[in-house]
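Structure, as structure tokens:
Since the structure is predicted, the reported quantities are computational estimates derived from the model, not experimental observations. What you see below is based on every heavy atom in this structure, not just the backbone, and it leaves out hydrogens, waters and symmetry mates.
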There are 2 protein chains.
Amino acid sequence: MSIETLSRKDQINQVAQNLFREKGYSATSMRDLAKAIGIEAASLYSHIKSKEELLQNICFRIAAEFFDEYDRVQNGTTDPKLRFRHAVTAHTRVVASNLDASSVFFNEWRHLNEPSLSEFKAQRAAYEDRFKNLLREGIEAGVFRKVQVSFAMRLVFSTLNGIPTWYRNDGALSPDQIADQIADFLLEGLLKK
Amino acid sequence: MSIETLSRKDQINQVAQNLFREKGYSATSMRDLAKAIGIEAASLYSHIKSKEELLQNICFRIAAEFFDEYDRVQNGTTDPKLRFRHAVTAHTRVVASNLDASSVFFNEWRHLNEPSLSEFKAQRAAYEDRFKNLLREGIEAGVFRKVQVSFAMRLVFSTLNGIPTWYRNDGALSPDQIADQIADFLLEGLLKK
DNA sequence: TGCTTAAACTAACGTTCGTTAGCAAAGATA
DNA sequence: TATCTTTGCTAACGAACGTTAGTTTAAGCA
């Protein structure tokens, strides 16, 4: 869907995603946002309640996508190695298909105010726990090396959440392709076997 | 060195590192910074030229540390696997020993203005090239899997630069210890051999 | 004691911030 | 045609922003 066919409200949310990512939430003014759309700053308030509402929309929409995609791919799978691979590729697809929004999710969430901030942290922790459990399963099954699960989980997420810093969805590599390659990298490492 | 024994100028730089990391550069006001020190905002200008100068100091000091530590550990080593391991552990030590500053380096550099911004990008690209060369060497030597070097470099840096999001230098694990564990993770991956 | 200097202060500058109030235009609906 | 709703506008609010000017304070030194 091109940006002209979106409702004004959707258009505002989309441009906000882009600006919040490029300049950061605090450094993006409502006048910047309005100018990028082609209206006056005050006119934004015919469609939205506040600047922070825009940030909340982005953060919680992406959080929901992470959960949804995770549930979708885990359904029915029991093999620990495959469960982990599916979780990694699902997460990667969400990130790579929502570069602006996921970038804001990763870097701008701290500008949320209460109670959104606590809710955000709780959801993130719950999501991270799922990955810790996958790692535990893999270790207990003797498939993964005996690593500290919370340490390994942090490294995995660092790799995944860094995607928006370098990936461009320009046709060279599809989200599915990099998802597979990242899963390979996390499972195999750099060394030749 | 405790914060009270620093010169005022050093103290300002140190508190700025911390605030820029916690709240972001744009969301940190000079009045925030002054308040955290216990003086008036205008008094800061007896010691510094501008807010942006503080950001420049942080970014370029850390950049220099990355280069220095890299040069120090590469000196004399020729084995590709060891060269890569040393580069990774050196980088990790710099990050883990400068959590506030490296966090600002990773996340707030975009608020630099020209010409500092271009200079920053150039230095970062030069540093990244060193890692790409190490990966190339490892592949040519048959030690590393045949991965795309620029892709692998991005994944490596994502892992390393995510350290400030989770590591606390509180005595549980020293910078050297996590450096070794991260190198293991990058080289070996999660799978049991 | 008088002089110099560093480092703080108060006051204020002009600008930008997010947001509100009130109004105008335009299209949909009756 | 008359009315309502949506979506924009101009004007402006009070607050906060980075920064400058000018002044005071206090310590070090001749």
Nearest whole Å is fine: how far is [N] [atom2] from [X] [atom1]?
X     : N      : atom1 : atom2 : result
A/Y45 : D/dT10 : OH    : C1'   : 16 Å
A/K23 : C/dT16 : NZ    : P     : 12 Å
B/K49 : D/dT19 : NZ    : P     : 11 Å
A/E40 : C/dT20 : CD    : P     : 17 Å
B/I48 : D/dT19 : CD1   : C1'   : 10 Å
B/L54 : D/dT19 : CG    : C1'   : 13 Å
A/I12 : C/dG18 : CD1   : P     : 14 Å
A/K51 : D/dA16 : NZ    : P     : 15 Å

task: Assign A/S26 to base, sugar-phosphate, or nothing according to its heavy-atom contacts below 4.0 angstrom with the strands shown.
output: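 Touches nothing.
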message: Under 4.0 Å, counting only non-hydrogen atoms across every strand here, what does B/R31 touch: a base, just sugar-phosphate, or nothing?
response: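 It contacts base atoms.
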task: Ignoring hydrogens and angles, answer whether the base of C/dA6 and the side-chain atoms of B/S46 contain a donor-acceptor pair closer than 3.5 Å.
output: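 Looking at the base of C/dA6, it does not pair with any donor or acceptor on the side chain of B/S46 (distance under 3.5 Å).
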message: Go nucleotide by nucleotide along DNA chain C from the 5' end; which of A/D32 and B/A42 gets its closest nucleotide reached first?
response: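 Its nucleotide being nearer the 5' end, the pick is B/A42.
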Looking only at side-chain N and O atoms, does [X] come under 4.0 Å of OP1 or OP2 in [N]?
X     : N      : result
A/H47 : D/dT6  : no
B/S29 : D/dC17 : yes
B/S43 : C/dA7  : no
B/R8  : C/dA8  : yes

query: If every non-hydrogen atom of A/A172 is compared with every non-hydrogen atom of A/Q177, which pair is closest and at what distance?
result: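 Closest approach of A/A172 to A/Q177, heavy atoms only: O-OE1, 4.1 Å.
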Enumerate donor-acceptor pairs with a distance under 3.5 Å from any side-chain N or O in residues 60-67 of chain A to protein atoms, sequence neighbours excluded.
unit_1, atom_1, unit_2, atom_2, d
A/R61, NH1, A/E65, OE2, 3.0

Assess the pair [X] and [Y]: is the distance between their ring centroids shorter than 6.0 Å?
X      : Y      : result
B/H86  : B/Y70  : no
B/W166 : A/F151 : yes
A/F105 : A/F120 : yes

- prompt: Of the nucleotides C/dT19, C/dC9, D/dG8, which one has an atom closest to the side chain of A/M30?
  reply: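 Looking only at side-chain atoms, A/M30 lies closest to C/dT19.
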